[in-house]
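Just so we're on the same page: letters track the sequence lines, and every chain starts at 1.
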4 protein chains.
Amino acid sequence: MTKPAAAPPRRKTRSDAARNRERLLDAAKALIAVRGADARLEAVARQAGLGIGTLYRHFPTREELYEAVYRRDIDQLVLLGEEAMSASDPVEGLRSWLHAAIDMVATKKGMIAAFALSTDTTSAISKRLSGRLIDAIDPLLARAVEAGRLRDEVAGEDLLLAVVGMCMMRDQPGWRASVLRLIDSLVSGLEVEG
Amino acid sequence: MTKPAAAPPRRKTRSDAARNRERLLDAAKALIAVRGADARLEAVARQAGLGIGTLYRHFPTREELYEAVYRRDIDQLVLLGEEAMSASDPVEGLRSWLHAAIDMVATKKGMIAAFALSTDTTSAISKRLSGRLIDAIDPLLARAVEAGRLRDEVAGEDLLLAVVGMCMMRDQPGWRASVLRLIDSLVSGLEVEG
Amino acid sequence: MTKPAAAPPRRKTRSDAARNRERLLDAAKALIAVRGADARLEAVARQAGLGIGTLYRHFPTREELYEAVYRRDIDQLVLLGEEAMSASDPVEGLRSWLHAAIDMVATKKGMIAAFALSTDTTSAISKRLSGRLIDAIDPLLARAVEAGRLRDEVAGEDLLLAVVGMCMMRDQPGWRASVLRLIDSLVSGLEVEG
Amino acid sequence: MTKPAAAPPRRKTRSDAARNRERLLDAAKALIAVRGADARLEAVARQAGLGIGTLYRHFPTREELYEAVYRRDIDQLVLLGEEAMSASDPVEGLRSWLHAAIDMVATKKGMIAAFALSTDTTSAISKRLSGRLIDAIDPLLARAVEAGRLRDEVAGEDLLLAVVGMCMMRDQPGWRASVLRLIDSLVSGLEVEG
DNA sequence: GATGAATGAGTCTTCATTCAT
DNA sequence: AATGAATGAAGACTCATTCAT
C-alpha cells in the first residue's frame, strides 16, 4: 500500500523507525475515527503492532500525535487550495475546495478530528491547524469576491466553521449528501445575480 | 411525580425531592456547559449541593440525566415552532425559529449538548430528542415551500444538521454572529426569486 | 492507646472512615519504614486492607499522606519538648529530648522518613515539620545556655541536623548505640567545665 | 570531535573507550548530585554525549556505575588518610581528615551518594566502599587514642556514621558550617583534658 | 564498539458506581 | 431519602533493559 516502489536500500535504515511512525499515524487516524478523540493510546500502539513505549517515544503527548495525524490531511487541503486558485471560475474553485474538504472527511473518516480539535480554542495545535485551513480558504474566497462573483458577506473563517460544524454530524445517515447540499446552497446564496 | 399535589402532613414532603431534582438539572446543565459532556457526575451533585448518591437516585444513568436536562429546552423549541407556524410570513417564521435555536445555545450554553447528544446515533435518547426537533422544523419548512417561497432543496433534517453543527463551534470567538450570518445566507439562498 | 475512654456512641458513625484513616497512616508508616519513601501507594492501601481509591480519598497527594503520617510523631516530640523544659537539670532536659527523638526513630522505624522529608528543602511540608522540631529544641538549648551550663556554640538547628543525619544511617547494625554515644559526646563537648 | 589528530592507523583506538568511560563517570556524578541517586541512566548517557547502549556496555548495572563513580573519591580519601597518619598532632590528623571528607562532599556534591549508598547495607558494593573508609579512619582514631589524646569512646565507624549522616543534610542552607562545627565539637568532646 | 529504537512491566491517578449508615 | 465512603477497573505515563543495525 505505502510501499514506495523500489526504494534504494538505505545504509543505516532508520527507516524502520520512520515506518513505525507511519504505522502509528495510520492506527491513530483509524482509531480516532472509530472511538473518537478519547481513543486509548495503548490501543493505538497495539493496532500499529507496536508497544506503548514506542508510541510515546514518537509522540510524547497526545496532542503531538494528533497534530501529526492531521497535518498530512491539512497539508493536502492547503495544496488543493493552491490548485483551486488557478481554476478558471473563482466560484467553482471555492466550491470544489469545499467539496474536497467534505470528501476528505467522508473518505478518511478520522479527518473529522482535525476539525474537532479546531474546536478546542485553547490548544496551540488547534490554532495552528485551523490557521492553515483559513489561509487556504481565504484567498479562494477573496478572489471570488474581487471578481465580483460573490457578495462579501461571510469570512473564510465563517465558511470553515460551517463545513467543520456540519461534518461533525458525520455519524448521521446520509450526512454527506446533506452537507454537500447545504454548502452548495450557501455558496449559491452568496452569488451575485446575473 | 407519582403522588400529585395536596401532600398530606408527611415529614419530608415530596417537594424536597422535586426541588433536588431541579437543582440537579440546573447543576448538570451548568457543568456540561463548562466542562463538556464528560462532566464528572460527582461534581454535578456537589454543585447542586447534594450527595452523589442522591444524583443516582434521581437519575440512575448518565443518559437519563442528560435527557432530562435537555428535555426542557427541546420542549421550549417545540413550542416556539408551533408559534412560528402562525407567523404571517412563512420564511420569517422559519428564520425566527432557527434564530431562536441558535440563541438558545448562545444563552444557555449547556443547550449545545442536546445537539451533541444528537450526534450519537446509537442512543435511543438522542433519537428521541432530535426527532422532536425535526418534528418542530419540518412543518415550518414545508409551509414555506408550499407557499412557493422556498425551493424544495433541503430537508428539515438538513437544516437542523447545519444549525447543530455550526453551534458545536460555539467556543470560537464571534461564533454567534457567524452562525446567524451563515444561516441567513442559507435561507436566502433557498428563497425563490421575485 | 488513643482510645478515648468511654466515648459516647456517636449517632452517624463516620468513625469507620476515621478508623480507615488511621489504618492508612499505620500502613504507610510501616511500609515507608521497610521500603523507603518510594513505597507503592497501592501497597499501602492493601496493607491497610483498603482499596487504592480509599487511600486517595483520604490523602489526595503522597505528600499529604506523609505529612499526616509524621505529624503524630512530631506532635509527640513537641510535647516531650515542653515536658523537658521543666526538668530540673537543663542539660539533662536537652539530652533526654534528644534521646527520645532517637528512640522514636529506633522504635517506630518509619519515623526516619519525617527527617528524610526534612531534607527536601523545597517542600512546604518539610519546612513545616522541621520548623516544629526546631521550635521544640531551641528553648531546651537556650535554657541550658542561659543557665551557663552549655557553651553557645551550636544552634538547635545544628543539633537537629546531627540527630536527623545520623538517624538516616539507622540501617547500619548497631546504629542506635552509635548515635546515642555520638550525641552524648556532642553534648558533653559543649558542657562548660566545672 | 573524537578523532584525535595524528591518530595512528587504528580505526577507533582503545582510548576512545577510556574517554567515554570517563565521560560517563563525570556525567553520572554530576547528575546524581543534582537529581539524587534515582537519576535516569539515559540522562546520564545523554549528558555524557553518548548513547544509552554505550553506558550499558561500560557499566552493566547501576551499581557498577555508582561504584566506579565514587571509587575515585574514596581512593582520594584513603590517600589523605595515609598522609594524615604522619601529621605531628594525632588529633589534628583526625580532624583534618574529617574536614577533608566534609569538604569533598561540599565541593563535589555528587560525593554524597557514596555515603548514601553506604546506607544500603545489603549491597556488596556499599560494604566495599564504606569498608575502605573505615580502614582509612580507624588508624587515625587509634593513633590519637593510643597517644592518650582521645578517650576511647567512639569507634571509627561511629564517626563515619556521624559525618555521613550529617552530610546527607547537605541541602539545608548553611549545612557545611553546621557540620564542621558539630564535628569539631564532637572531637573536642572526646579530647582528654590537658 | 556505539547507537538509539523498541519494549512492557510497574505505578500513579481518576471516576463511575455501589452500599452501609 | 440522603449521604458520602469505599471500591477497583481503566487508562496515562515512565524508565530500565534489550537488541538489531
Side-chain angles (χ1 to χ4, degrees), chain A residues 10-21 24 38-46 48-62, chain B residues 10-14 16-17 20-21 38-46 48-62, chain C residues 10-21 24 38-46 48-62, chain D residues 2 11-14 16-18 20-21 38-46 48-58 60-62:
Chain A
R10 284 263 167 267
R11 224 81 66 79
K12 297 272 186 177
T13 23
R14 187 84 1 63
S15 68
D16 58 336
R19 173 159 38 252
N20 284 344
R21 193 188 143 90
L24 286 167
D38 302 346
R40 297 190 308 202
L41 293 185
E42 178 143 24
V44 170
R46 192 152 35 233
L50 299 169
I52 181 65
T54 304
L55 185 152
Y56 272 92
R57 162 175 284 273
H58 284 282
F59 307 101
T61 70
R62 182 185 284 269
Chain B
R10 281 266 168 270
R11 221 74 75 74
K12 301 261 190 175
T13 59
R14 282 307 146 92
D16 268 357
N20 285 346
R21 195 187 143 90
D38 301 347
R40 297 184 354 194
L41 292 184
E42 177 142 25
V44 170
R46 190 149 34 234
L50 299 170
I52 179 67
T54 305
L55 184 152
Y56 269 89
R57 165 173 293 274
H58 284 283
F59 307 101
T61 72
R62 182 186 284 267
Chain C
R10 285 262 167 268
R11 227 79 68 77
K12 298 275 187 176
T13 24
R14 189 82 5 61
S15 69
D16 58 335
R19 174 162 34 255
N20 284 343
R21 193 189 144 90
L24 286 167
D38 302 346
R40 298 190 306 198
L41 292 184
E42 178 143 24
V44 170
R46 192 153 34 235
L50 298 170
I52 179 65
T54 304
L55 185 152
Y56 272 91
R57 162 174 284 272
H58 285 282
F59 308 101
T61 71
R62 183 185 283 266
Chain D
T2 40
R11 222 71 76 74
K12 299 260 190 174
T13 59
R14 280 306 146 92
D16 268 357
N20 285 345
R21 194 187 143 90
D38 302 347
R40 298 185 352 196
L41 293 184
E42 177 142 24
V44 170
R46 191 149 35 233
L50 299 170
I52 179 65
T54 305
L55 184 153
Y56 269 89
R57 165 172 293 274
H58 283 284
T61 71
R62 181 186 284 266

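With sequence neighbours left out, D:R62 forms a salt bridge (charged side-chain N to carboxylate O under 4.0 Å, His left out) with no residue at all. Shown here are the salt bridge (charged side-chain N to carboxylate O under 4.0 Å, His left out) partners of D:R46, two or more places apart in sequence or in another chain: D:E42. Here D:A18 pairs with nothing under the side chain to side chain contact (heavy atoms under 4.5 Å, CB included) rule; sequence neighbours left out.
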Stepwise side chain to side chain contact (heavy atoms under 4.5 Å, CB included) check, B:I52 with B:V44: CA-CA 8 Å; B:I52 179 67; B:V44 170; over 6 Å; no
Audit row: B:Y56, B:T61, side chain to side chain contact (heavy atoms under 4.5 Å, CB included) steps and yes/no: CA-CA 7 Å; B:Y56 269 89; B:T61 72; over 6 Å; no
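Atom CG of D:D16 and atom P of E:dA2 are 7 Å apart (whole Å). In this structure, C:R46 atom CZ and F:dT7 atom P are separated by 12 Å, rounded to whole Å. Between A:R19 atom CZ and E:dA6 atom P there is a gap of 10 Å when expressed in whole angstrom units. Atom CZ in B:F59 sits roughly 15 Å away from atom C1' in F:dA2 (whole-Å rounding).
D:N20 has no side-chain polar atom (N or O) that falls below the 4.0 Å cut-off from OP1 or OP2 of E:dG1. A close approach under 4.0 Å does occur between a side-chain nitrogen or oxygen of A:T54 and OP1 or OP2 of E:dT7. The side chain of D:H58 contributes no N or O atom lying less than 4.0 Å from OP1 or OP2 of E:dG1.
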Secondary-structure string, 5' to 3', Watson-Crick or G-U under 3.5 Å, | for another-strand partners, for DNA chain E: .||||||||||||||||||||
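Nearest-nucleotide positions on DNA chain E place A:R21 closer to the 5' end than the other of A:R21 and C:D38. The residue among B:A39 and D:G51 whose nearest nucleotide of DNA chain E is located toward the 5' end is D:G51.
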Do any N or O atoms of the protein come closer than 3.5 Å to N or O atoms of nucleotides 17-19 of chain F, and which pairs are they?
from, atom 1, to, atom 2, distance (Å)
F:dT17, OP2, D:Y56, OH, 3.0

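Residue B:R57 is classed as a base contact, given a heavy-atom separation below 4.0 Å to a base.
Here the closest heavy-atom approach between residue B:D38 and residue A:D38 is recorded as OD2-OD2, 4.2 Å. Taking all atoms of both residues into account, the shortest heavy-atom contact from C:T54 to C:L24 is O-CD1, 4.2 Å. Considering every non-hydrogen atom in both B:G51 and B:A45, the closest pair reads O-CB, 3.6 Å.
Going from atom CG of A:L41 over to atom CG of A:L55 covers 5.5 Å, rounded to the nearest 0.5 Å.
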